[in-house]
Amino acid sequence: MDSAPPGTPTSPGPDPRRDPGRDPEERPAPAPGASGATVLELRIHGIANAVPHSSLDLPRGEVTQSDGDSLGSFWTPRPEAEARDKALPPGHVHAIRPDVRREAYSWGAMARLGGLPFGGVLGLVGTVAVRLMWAAMVPFGLANAGYWARRIPAPDTGSGAAGGTAATPPADAGRPPSGRLVPEATAALTRLFALGLTLLFVSAVATVALSVVGTRCMGLATPGPDSVVPVCARIPDVLYGLARMDVGDRLALLSLVPVLLVAVLVLVAHGGQVRFESKFSVMRAGGVVPPSGPPLHRAGFWSQRTGSGLLWAHLGAALALTGQFLTWTRYADVGLPMPGLPVAALVVILGACALVALRTDDDGVQAHAPRWKGRAALAVFAAGLLVWVLACWAAFAGPQPARMPALIGVDLVPALLGVGLFGIAATGLAWRTARHVRAVAAWTLVPVVATLCVAVVLVTEPGAPLRHLLVGLAMLAVLSPAVVVLVAMLLRRRVHEGWNGAGPGVFLLVSAAAAAVYSSLLVLGVQWFLRTGEPAAPEPLGEGLVGVVRRVPDPDLVRVPPVYTEFGTASVVIALVFLVLLVVALAGPYVMDVLRSRPLWIPAAPRTSGPPYGPAAPAWRAVADAPDPDGGPSPVLERVLRGRQVAAMSHRAELAVGALAAAAYVAAVVAHIPLIAQHDDTGSVQIPLWLSGLAVPALGVLAATLVVSAMAGAAGGGPSRPWGLLWDLLCFLPRSAHPFGPPSYAERVVPEVRSRVDAWLAGADLTDDAERARVAPTRRVVLSAHSMGAVLAAAVVLIRAGNPVPGLVDGRIGLLTYGTQLRPFFGRFFPDLLGPTTTGTPPCTGPAWSADPWGGQVLGSGPGADPAAPLTPGRPEPGSGEQVTLMSLLTCGAKPAWVNLWRRTDFLGFPVVGYGENETDRGAEEMDRSAYLFAVAAHSGYQSSWAYHEALDEVISRLSRR
């Protein structure tokens, strides 16, 4: 090292458990009650979904379930194990304080039990199908994430005061003082985007069923007694019955495919729906209070959404679009019995768009949708069903055409949907930058202009000058939000928000890109499969029967709508741009560090403590002592330092997601809109042969990855489902934009944990009234939460304040969090949910492009190093107008009852206040104290650390005694 590294961890001092006021001998004697405990230590696991005995750090046979069901359950040590661990000396790995009742809450099964009907009968095949459906639902989950990343209006209680925050000022609330809820522009656009995803999914499946199979790989039967019908060689034998039918009959039956797959998608999405009869605490059931404060503080936030109307609207639009595909055709010499059905289908789809845009029963406001909205949603569904049934009848009743009909809707609708989706996603980049609700509403012109321009090009097929003009106008419209984002970045106006305030657009862009890739993967994959095979001569079937001739089709015959080829080409562009940006954003700093003459020094977390005695003490001292500049660091410190460097590289996740969104944006503007507007050989831009040649192999690699991940999850040896980490993060958010998205486990977890907390503080387990009156006021709760569990615990504290239980004294709940992403991820990506105005912690800037992304904040010289706003010292007085925050709710004295543990070797763990010394954040030792051999601790093992036992004592000492 050139010099002594800054931020060296502090050396271990005297055992803090021996300090005055901290000695266990001086702890107050526990009051009688449940096992003599007055403090409930409730451990909540994170996204790793630790099993209950692992959360309690005990063997499987030493824990027992105390409450709950197969989805959510509470577990405690068995009496003999609890008595043994309470007799251990303080600081022991398994020690339990005498006044503590330790419990573990398990919620991991809530979002993991979705399935298909007869999934157990189908075995591995059915399980793999469910995993693939889960993967298909990721774009829907990202749309929900985009909904909650937007600016969330403050509720109006009818008193004329909107109660806005710095992020949502009353002037921009968009709600009249009467308390009546009105539609909001960003919510409407997000839900329209979600409806577009559903229609794009239906379009892709319909393209395969109706166009590729129904009209391309099954021809018209030849007239005469020896009639034969040509089919593609790869068509399964079970479909020969369809090939022998008239074209109309065939298409009507094949239209069941998109309808049934949408139904399956609904079953998978709702098969894992959380089952919880009561959405309220048992101590607070039936109470309704006016909404106030940040969204997670509002009493109605975790109530299950009245989203059935949204579901019916999506289903009605999907049915109407399927019917439109059947009837929007170009016949050579035959008309349809009901030529007005395509227009009727369009009316139903527009009605569904209006219905989802007008939905207002959300944002945590306890508002019930007017009854007419529910009836209107059912009417849209009934109308869509009627259109589809009539379309099937028209197809059955229509005569056999002389030539194969062209399905116009299958060619045009996906292209228009793609432009509309990317247009809405592009406007999302500027939603948080716009300062007034009218400015946000004005951005709706972007997708409208872009879609209209492309629609005119596709429908009217104008000459080259007008076509180029319209395509250029569409591209300028989609590019316009990027200008606003770049200006905000240069002026650093929203440096404390994810992607400089472009979070909604980032989520929606990634969602649109995933949907485009999935649709092209399905359509082009089926096309590639059906273009090959072995030909076979027809077999004579006798008088009056139609024979089937199998042949290898001409590649031009099995064609698909050009939009899917363009989607596939765009996916190649996305992959190439993303790889370049990823190397620059992530691998670049790491490569630069490898080329350094000396390893980059990354300091440990401030105020890190470790065991002063025991087998792990020598390793802790080797890490805590400053490295010798002459002799170099010890081998133990070298391994720890390498772990810090790897964790630092993974901390640049925001840059990676931003790179993916930028790649999708570039592909949409450069490789999507110009290509969509082409017709045969007269398009605005032609696809380079080398680029189109890469589309199918790139999609094939993606398909193989999806199948392998699905099989790994089904076999049980790998993750429980594809992208389990992403799934659990998406499942935290309520399903407010897309009804097919992953179910929100938090809608059960938060009320369920809150109910357990209330029951403990109220002494509900005590049957004697006198004993309850004496013991209950002395009880306290420490929510010990890991990773994602910390977000759930924070939501529990906030919702209790928004809907309190009468008679329960505040100041008796503390937080002990570790390995959490509250500040740099959730606080930045969802500012109105868990940003500084909700948590009361200082804002955080994003990671820097350097080997140590947080180096500037650690040294106190970079942006975001100093708190931009002071922590709230105490709870605001009612009517003061001061914002209630998580920190203020946990502060009942000089210091908040919140301690957060983190490590620089943790790839998912961060401080919640800052990288400097503060009263909340503490460093945990970077080796696993419970391991037999030396191991660098990363995201797990916090509960067995020496720092954990110290932090638990510190949180309890800060809680109110009465």
Side-chain angles (χ1 to χ4, degrees), residues 9 12 15-17 24 41-63 75-78 81-82 84-97 100-106 604-605 607-624 636 639-640 643 647 782-787 789-790 816-820 899-909 922-956:
D15 184 1
R17 298 174 185 272
E41 178 195 354
L42 184 56
R43 294 184 172 182
I44 307 173
H45 64 73
I47 51 181
N49 294 327
V51 291
H53 71 270
S54 177
S55 296
L56 295 172
D57 202 15
L58 290 171
R60 185 184 301 272
E62 292 189 358
V63 300
W75 298 75
T76 59
R78 291 187 178 275
E82 182 180 21
R84 179 198 64 206
D85 290 349
K86 283 191 174 183
L88 294 174
H92 190 278
V93 174
H94 301 290
I96 302 178
R97 283 177 51 128
V100 165
R101 173 183 172 86
R102 180 173 293 172
E103 293 185 3
Y105 176 66
S106 177
R607 302 183 69 175
T608 299
S609 60
Y613 59 86
W620 155 244
R621 283 193 291 268
V623 176
V636 171
R639 289 188 59 183
V640 171
V782 176
L783 298 176
S784 171
H786 176 236
S787 190
L816 173 52
T817 57
Y818 34 96
T820 183
V899 173
N900 176 71
L901 303 178
W902 66 290
R903 305 182 178 106
R904 290 305 298 267
T905 54
D906 188 346
F907 51 87
L908 275 177
R922 302 285 185 276
E925 59 265 37
E926 296 165 305
M927 74 286 299
D928 190 348
R929 189 160 66 109
S930 63
Y932 173 64
L933 299 175
F934 174 79
V936 177
H939 192 53
S940 59
Y942 280 97
Q943 294 163 341
S944 61
S945 67
W946 179 269
Y948 180 88
H949 296 277
E950 289 186 326
L952 180 61
D953 286 347
E954 188 170 1
V955 172
I956 294 176

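Bear in mind that the values here come from a model prediction, so they are computed numbers and not experimental data.
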Quick one: [atom1] on [X] to [atom2] on [Y], what's the gap to the nearest 0.5 Å?
{"X": "R43", "Y": "R102", "atom1": "CZ", "atom2": "CZ", "value": "4.0 Å"}
{"X": "Q943", "Y": "R929", "atom1": "CD", "atom2": "CZ", "value": "12.5 Å"}
{"X": "S945", "Y": "D928", "atom1": "OG", "atom2": "CG", "value": "9.5 Å"}

Minimum-distance pair of heavy atoms, taken over all atoms of [X] and [Y]:
{"X": "A924", "Y": "L901", "value": "CB-CB, 4.4 Å"}
{"X": "E103", "Y": "L56", "value": "C-CD2, 3.9 Å"}
{"X": "W946", "Y": "P612", "value": "CZ2-CD, 3.5 Å"}
{"X": "H786", "Y": "G819", "value": "CD2-CA, 4.4 Å"}
{"X": "M927", "Y": "W620", "value": "CE-CA, 3.5 Å"}
{"X": "V93", "Y": "S944", "value": "CG1-CB, 3.7 Å"}

Could you check if a side-chain atom of T76 sits within less than 4.5 angstrom of a side-chain atom of E82, using non-hydrogen atoms only? no
Can you confirm whether I956 sits close enough to V100 that some side-chain heavy atom of one is under 4.5 Å from a side-chain heavy atom of the other? yes
Charged N-O contact under 4.0 Å between E950 and R607: no
Is it true that R97 and E41 make a salt bridge, defined as a side-chain N closer than 4.0 Å to a carboxylate O? no
Should E926 and R904 be marked as a side-chain contact (heavy atoms from CB on, under 4.5 Å) after you check the CA-CA gap, both sets of side-chain angles, and the distance that decides it? CA-CA 8 Å; E926 296 165 305; R904 290 305 298 267; 3.9 Å; yes
Answer yes or no: is there a donor N or O on one side and an acceptor on the other, between the side chain of [X] and the main chain of [Y], under 3.5 Å?
{"X": "R903", "Y": "E925", "answer": "yes"}
{"X": "H94", "Y": "L58", "answer": "no"}
{"X": "R78", "Y": "G61", "answer": "yes"}

Can the ring centroids of H949 and H92 be said to lie less than 6.0 angstrom from one another? no
Under a 3.5 Å threshold, yes or no: a donor from one side chain and an acceptor from the other, between S784 and Y818? yes
Should V51 and W75 be marked as a side-chain contact (heavy atoms from CB on, under 4.5 Å) after you check the CA-CA gap, both sets of side-chain angles, and the distance that decides it? CA-CA 10 Å; V51 291; W75 298 75; over 6 Å; no
So among N900, L952, L42, L783, which one has a side-chain contact (heavy atoms from CB on, under 4.5 Å) with L816? L952
Would you please test S787 and H939 for side-chain contact (heavy atoms from CB on, under 4.5 Å) and show each step? CA-CA 8 Å; S787 190; H939 192 53; 3.1 Å; yes
